[in-house]
Amino acid sequence: MSIDLMNAFIAPLVIMVSISLILGLVLVIASRFLAEYGPCRISIKGNKDVEVIGGETLLSSLFENKIFIPSACGGRGSCGYCKLKVTSGGGSVLPTELPYLTPSEVVDDVRLACQLKVKSDMEIEVPEEYLSIQEYRAEVAQSISLTYDMKELRFRLLEPETINFKPGQYIQFHVPSTNREVVYRAYSIASLPSMAGELELIVRLVPGGIGSTYIHNLSVGDEVTISGSCGDFFLHERSSCDILLIGGGAGMAPLKSILYSLFEKGSDRKIDLFFGVRAKKDLFYLEEFERLAKEHPNFTYTYALSSPGEADDWKGEKGFIHLVLERHLKEGEKREAYLCGPPLMADAVIKVLKEKGVDPSNIYYDKF
Ligand SMILES: Cc1cc2nc3c(=O)[nH]c(=O)nc-3n(C[C@H](O)[C@H](O)[C@H](O)COP(=O)(O)OP(=O)(O)OC[C@H]3O[C@@H](n4cnc5c(N)ncnc54)[C@H](O)[C@@H]3O)c2cc1C
Ligand code: FES
């Protein structure tokens with residue numbers, strides 16, 4: 001190739017690369033300075049004002065000021081937990097908020113704090129119970145494998161040294177991520193409120209999952225940060241009828257706390273636990289429940305395998321847990337039901353409970 005021909009190709013290429021680099025630089029500078037909304041004041045009705053730098057979501061801005069709003073999905077706009085009333089400065093409702101807001105909530109200025117960016121001064125209302133959510137430092141006291149993908153972890157609280165919670169509630173785990181932002185994930189508390197200096201979690205490893213991988217890799221003595229307690233799924237005891245606990249997978253955590261709380265109170269209500277897993281390799285706590293059933297004549301437990309392996313020598317129930325429940329539950333029985341597990345499982349169980357005549361106001365659930 002002649003020098004003239006090479007120049008004819010190289011010169012435009014160099015010009016194009018230079019223009020791209022300059023444009024990229026302009027974009028970086030613009031996003032750093034032009035998208036900056038400067039200092040903004042968030043006034044929390046009946047409480048305090050906080051000064052933040054605009055541009056972050058309302059949820060992150062509040063978290064930075066130690067105001068912990070429940071955010072079970074970690075701010076991904078997929079749980080609808082982070083609802084707050086924004087009475088001024090919030091702008092129009094975003095399409096990403098709409099699936100989680102009822103028409104009356106829209107009229108009432110309810111917004112999803114994780115979707116809304118702070119761009120100007122704002123006036124908001126934060127429910128009283130959220131303002132009492134605290135940040136805790138804790139250290140891993142024990143980490144044991146329950147199955148190939150399920151771990152039970154015990155944490156000792158360092159500062160503050162005790163936590164208040166109701167059996168069934170959850171904490172938010174603060175997970176340090178690679179880009180130095182903190183990622184938040186919800187984990188139900190499996191331990192008893194009376195052991196206020198400790199927290200037990202049961203965590204299933206989600207392949208590639210940020211939070212569950214971090215927690216599974218923790219070792220005894222590691223220090224962690226959490227906030228809590230949160231959630232409206234807890235032992236209500238509004239009725240005195242028999243109790244049903246129904247769950248699957250990591251849904252065991254809040255059910256365990258509820259079950260042990262009932263035992264601790266010396267409750268003589270009949271308690272039936274129905275728990276679904278896929279195969280024998282997913283089973284845990286079998287021996288523990290066998291022992292509990294012997295110690296507490298008012299307690300029974302039924303495990304079901306939805307897809308047992310060929311080598312699984314399983315004489316117990318088989319099939320999805322809602323179908324097992326359907327076979328066991330008598331029509332018209334008065335029950336208080338607590339269920340926790342994947343959304344599809346929970347929806348199927350709720351349908352069975354209603355069909356069997358369980359009062360919907362006695363059905364409590366957490367789906368995850
Ligand atoms: C109120 C509440 C209580 C909870 N309590 C518990 C608990 O006690 N124990 C527990 O283990 N988990 C619990 N969770 C779920 C937990 O908060 C996390 O969502 C879960 O650990 C996955 O987070 P991750 O950061 O590991 O995965 P992510 O980084 O969030 O996700 C990684 C990938 O996995 C997918 N993914 C996310 N979750 C699942 C899933 N469950 N199954 C399959 N794929 C998934 C995502 O779509 C993504 O593609 C609870 C959730 C809620 C809302
Ligand atoms: S934190 Fe889940 S929707 Fe906002």
Side-chain angles (χ1 to χ4, degrees), residues 57-63 68-84 86 93-101 105 110-117 130 133 143 145-147 149-153 155 165-179 181-191 199-218 226-234 247-258 277-278 282 284 338-346 364-368:
T57 65
L58 176 58
L59 186 72
S60 309
S61 305
L62 292 173
F63 267 41
F68 299 104
I69 308 300
S71 54
C73 70
R76 285 175 294 186
S78 60
C79 70
Y81 280 40
C82 62
K83 288 178 186 177
L84 289 182
V86 179
V93 176
L94 302 164
T96 46
E97 298 176 77
L98 281 173
Y100 296 93
L101 300 175
E105 283 176 330
V110 177
R111 306 292 302 268
L112 285 194
C114 72
Q115 299 301 300
L116 181 61
K117 280 205 169 145
Y130 294 178
I133 298 176
S143 169
S145 294
L146 299 175
T147 68
D149 69 349
M150 198 77 83
K151 273 197 176 180
E152 179 196 282
L153 296 106
F155 298 88
F165 66 94
K166 295 178 184 144
Q169 285 193 303
Y170 68 93
I171 50 97
Q172 303 240 108
F173 221 95
H174 301 203
V175 184
S177 81
T178 41
N179 61 5
E181 265 182 30
V182 179
V183 168
Y184 301 90
R185 292 286 183 270
Y187 293 97
S188 304
I189 306 168
S191 46
L199 281 180
E200 184 185 291
L201 305 181
I202 299 171
V203 178
R204 188 174 78 84
L205 180 67
V206 171
I210 299 168
S212 57
T213 305
Y214 169 74
I215 297 174
H216 268 241
N217 286 331
L218 288 170
I226 58 160
S227 52
S229 54
C230 322
D232 53 11
F233 176 70
F234 53 80
M252 174 61 81
L255 301 182
K256 184 179 175 190
S257 180
I258 290 173
V277 296
R278 268 162 305 179
D282 301 301
F284 59 98
Y338 295 88
L339 47 132
C340 190
L344 279 178
M345 183 220 91
Y364 306 98
Y365 54 87
D366 233 356
K367 302 177 189 178
F368 57 78

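Both ligands and their constituent atoms are indexed starting at 1 by order of listing. Only this structure's heavy atoms are used, side chains among them; waters, hydrogens and symmetry mates stay out.
Between Gly208 and ligand 1, not a single N/O pair is under 3.5 Å apart. For ligand 1, the polar-atom distance check against Gly211 finds a nitrogen or oxygen pair separated by under 3.5 Å. The shortest N/O to N/O separation between Arg185 and ligand 1 falls below 3.5 Å. Among the atoms of Ser188, some N or O lies under 3.5 angstrom from an N or O of ligand 1. Remark: ligand 1 and Ser212 share an N or O pair separated by less than 3.5 Å (distance only, no angle test).
At least one N/O/S atom of Cys79, whether from backbone or side chain, sits less than 2.8 Å from atom 2 (Fe) of ligand 2. In summary, no N, O or S atom of Cys73 is located under 2.8 Å from atom 4 (Fe) of ligand 2.
Taking all heavy atoms of Gln172, Arg204, Arg76 into account, the minimum distance to atom 31 (O) of ligand 1 is reached by Arg76. Counting only non-hydrogen atoms, the option in Asp232, Val206, Asp366, Ile210 that gets closest to atom 38 (N) of ligand 1 is Val206.
For ligand 2, the atoms lying closer than 4.0 Å to a non-hydrogen atom of Gly77 are 3 (S). Below 4.0 Å from some heavy atom of Gly80 lie the following atoms of ligand 2, by number and element: 2 (Fe), 3 (S). Less than 4.0 angstrom separates some heavy atom of Cys82 from each of these atoms of ligand 2: 1 (S), 3 (S), 4 (Fe). Atoms of ligand 2 lying under 4.0 Å from any heavy atom of Gly75, numbered from 1 in the order shown and given with element: 1 (S).
Protein heavy atoms all stay at least 4.0 Å away from atom 47 (O) of ligand 1. For atom 4 (C) of ligand 1, a protein non-hydrogen atom is found at a distance below 4.0 Å. Per-atom contact check: atom 7 (C) of ligand 1 touches the protein, criterion being a heavy-atom distance below 4.0 Å.
No more than 12 heavy-atom neighbours from other residues, nucleotides or ligands sit within 6.0 angstrom of CG on Leu344.
Residue contacts with ligand 2 for Ala113 are absent, since no atom lies close enough (heavy atoms, distance under 4.0 Å).
If you check which protein heavy atom lies closest to atom 15 (C) of ligand 1, you get Ala186 O, 3.9 Å.
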